[in-house]
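Contents: one structure, followed by commentary.
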Amino acid sequence: MTACARRILLVLLLLLPALAQASVQVQISGVGKVLAAAVRANLALTPYADRAVSEPQMRRLYASVPDEVRKALEPYGYFGARLVAGSYKRATGKTADENWTVTLHIAAGTPVRVTALQLDMPADALQLPAVRRAVRAFVPRTGAILDQALYTRSKQAVMAALQADGFLDARATQHEIAVNTATHRAVIKLAWAPGPRYKLGAVTFTGSQFVPGFLQRFVPWRVGEFYSQDALLQLQQRLTGADYFAMVEVNPEPRQARDLVVPVAVTVAPAKRTVYSAGALYGTDTGAGIEAGVRRRWLNRYGHKAALDTLLAQRLKTAALIYTIPRPGQDNKAFNFGANWLDSNTATSRSRTLGLVANESREWRGFSSSFGLDALSGDYVVGGENGNSTLLYAEASLGKKKGANPVYVRNGWAVSAVGRAGGPLSTTAFTQLALDGTWIHSLAPRDRIILRGDAGATWVQDFNALPPQLRFFAGGDRSIRGYGYQTVGPRNAQGLVIGGRNLLVASATYEHYFLPKWGVALFADGGDAFNGSAFRMHQAIGFGLRWISPVGPVRVDFGFPIGDRHAHGLSLHISIGPDL
């Protein structure tokens with residue numbers, strides 16, 4: 001044996017005892033999962049679950065177990081907990097991976113319960129809803145087991161509520177828990193001194209690319225209003241939502257306060273100024289196509305914006321240019337001016353129109369609203385007849401949606417309403433109202449139901465002077481599946497669909513996901529586009545396949561019309577995008 005080999009063998013012999021040391025497995029009985037987890041977390045043995053331990057070490061570690069058990073359960077209200085029985089033994093065998101097994105049987109004993117809860121909060125602070133809610137929600141309540149973790153969280157919640165509403169110097173003047181282990185009773189006494197209530201001061205902005213004073217429009221308070229964490233968060237959200245900045249930091253500076261007025265420093269960093277977008281699309285209604293857009297987050301130092309979006313598909317071509325002058329504030333007002341071009345070729349009509357838009361948009365009681373003027377002019381063919389019209393009309397809209405994770409909404413809804421009215425400066429006078437709504441509800445972790453409804457009504461002097469986009473049709477991916485796009489509606493003498501004055505459509509879809517991103521669907525749709533009271537139900541049922549893509553669900557549906565002499569057989573519908 002060479003000298004080198006002898007040295008290697010000697011090192012292995014020296015390491016052998018260490019390699020033979022064992023790891024520790026702890027088995028706990030007599031208490032529930034929560035208490036067992038608390039005990040396990042407090043044991044000095046626990047770190048050795050995947051580490052070697054010698055027999056002398058095991059004796060020292062096990063000797064401290066009774067005291068560790070008692071201390072682990074005291075914060076949960078069990079002051080008389082004890083180790084009833086326990087042992088540790090080494091697994092049989094001589095292998096290097098043998099384990100120690102520690103068995104602990106614990107008796108938690110009678111828990112200490114809260115017999116009195118005394119919370120003293122001055123009336124001026126208690127008048128504030130957030131503070132009042134935090135005090136009322138304080139736990140543990142009288143009669144409950146004394147859980148010190150809950151007690152600590154409740155104290156922190158009360159203090160956070162005080163500070164969020166401007167009591168920045170608030171402190172607890174009394175915080176004690178009197179425990180009588182003999183009678184298993186505890187008395188909690190807490191008192192707070194809120195101190196003076198601070199106010200919000202002026203806001204200074206650093207890093208802005210806009211003229212001085214522009215960002216002040218986003219500030220949701222006036223100097224001298226009471227300090228509010230919600231107001232600071234609202235400022236943060238407004239600045240972030242404006243889409244001007246890559247970074248927004250809102251920092252109140254209480255140390256700089258004068259006469260209880262806290263200045264606020266805001267630091268921003270401009271986002272990328274120009275955003276480009278492009279993508280491919282396919283829908284049964286539109287065919288295959290591409291869409292592209294360019295958006296300028298700001299055009300000048302006054303925060304004006306502009307966007308251009310185009311879509312080129314087999315049966316639909318559009319281009320829209322919009323110029324926006326924002327007027328930030330509580331209602332997030334903006335003035336919008338735009339032009340749009342449309343070339344649509346469906347199974348029932350062909351139209352080429354140019355539109356001009358000028359409106360004011362704002363937030364109103366949680367809804368997005370707009371009101372303005374639209375001008376629309378162009379040529380169209382519908383029902384085999386040529387038409388041309390120029391319309392100038394007022395348009396108002398109101399909409400709201402709610403639902404987490406817009407890519408795949410488990411529970412949510414969306415509603416919208418649009419009203420239009422054209423007068424003597426138009427080819428024909430008309431009034432129109434359109435409503436639609438969607439409701440999504442999760443029935444189980446992998447199931448959801450989607451209900452949808454659309455309704456509309458038009459009052460018009462000369463219906464033939466309305467271009468196709470202002471007439472009502474039914475049928476298609478987002479209408480009555482089982483029918484082609486815009487193939488449901490009143491017909492002329494030649495039997496061709498010409499659209500109707502009124503619309504009423506409803507849909508119900510049930511989805512089940514057998515994999516996280518893959519599912520199947522069953523649906524039933526029905527409705528009609530009609531004139532006057534000549535409503536005739538067009539019904540369809542079907543099934544489909546779903547895939548949750550990064551841009552929203554991909555829907556492949558197969559629909560079957562029921563009892564309709566104008567439509568029969570199987571219709572394929574493919575659509576992509578969010579449900580709301």
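Please read these numbers as outputs of a predicted model, since none were measured by experiment. Side chains included, hydrogens not; waters and symmetry mates left out as well; all remaining heavy atoms used.
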Report the distance from atom [atom1] of [X] to atom [atom2] of [Y], rounding to the nearest 0.5 Å.
| X | Y | atom1 | atom2 | answer |
| --- | --- | --- | --- | --- |
| Q234 | L239 | CD | CG | 10.5 Å |
| R255 | L168 | CZ | CG | 12.5 Å |
| W413 | H441 | CH2 | NE2 | 15.5 Å |
| L215 | T204 | CG | OG1 | 11.5 Å |
| R132 | M121 | CZ | CE | 12.0 Å |
| S479 | D436 | OG | CG | 11.5 Å |

Contact summary for [X] and [Y], nearest pair of heavy atoms:
| X | Y | result |
| --- | --- | --- |
| T267 | M247 | O-SD, 3.7 Å |
| L35 | A108 | CD1-CB, 4.3 Å |
| V26 | L45 | CG2-CB, 4.4 Å |
| F167 | P194 | CD2-CB, 3.5 Å |
| L43 | L104 | CD1-CD1, 3.9 Å |
| A521 | T509 | CB-CG2, 4.1 Å |

With [X], which residues qualify under side-chain hydrogen bond (donor to acceptor under 3.5 Å, both in side chains), at least two apart?
| X | answer |
| --- | --- |
| R546 | E511, D557 |
| S370 | S397 |
| D67 | R70, K71 |

Under a plain distance cut-off of 3.5 Å, with no hydrogens placed, do [Y] and [X] share a side-chain donor-acceptor pair?
| X | Y | answer |
| --- | --- | --- |
| D165 | Y227 | no |
| S575 | R555 | yes |
| R481 | S507 | yes |
| S442 | N411 | no |

Is there a side-chain contact between [X] and [Y] in this structure, where contact means two heavy atoms from C-beta onward sitting under 4.5 Å apart?
| X | Y | answer |
| --- | --- | --- |
| L260 | K199 | no |
| R82 | V84 | yes |
| E55 | W100 | yes |
| I188 | Y151 | yes |

What do you reckon, is [atom1] of [X] surrounded by more than 12 foreign heavy atoms closer than 6.0 Å?
| X | atom1 | result |
| --- | --- | --- |
| R40 | CZ | yes |
| K401 | NZ | no |
| Y76 | OH | no |
| N405 | CG | yes |

Checking the side chain of [X] only, and the main-chain atoms of [Y] only, is there a donor and an acceptor separated by less than 3.5 Å?
| X | Y | value |
| --- | --- | --- |
| Q216 | V203 | yes |
| R448 | Y513 | no |
| S208 | F205 | no |
| S228 | D230 | yes |
| S549 | V554 | no |

Can a cation-pi geometry be assigned to K305 and Y244, taking NZ or CZ under 6.0 Å from the six-membered ring centre and within 45° of the ring axis?
yes

R238 charged N/C atom sitting above F218 aromatic ring, 6.0 Å / 45°
no

Does the distance from a Lys or Arg side-chain N to an Asp or Glu carboxylate O, for [X] and [Y], drop under 4.0 Å?
| X | Y | result |
| --- | --- | --- |
| D454 | R452 | yes |
| R295 | D243 | yes |
| R478 | D579 | no |

Parallel, tilted or perpendicular for Y88 and Y62, by the 30°/60° rule?
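Tilted: the ring planes of Y88 and Y62 meet at 30° to 60°.
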
Pair F558, F523 - check ring pair (Phe, Tyr, Trp, His ring centres under 6.0 Å), show working.
CA-CA 10 Å; F558 300 90; F523 64 84; 9.4 Å; no

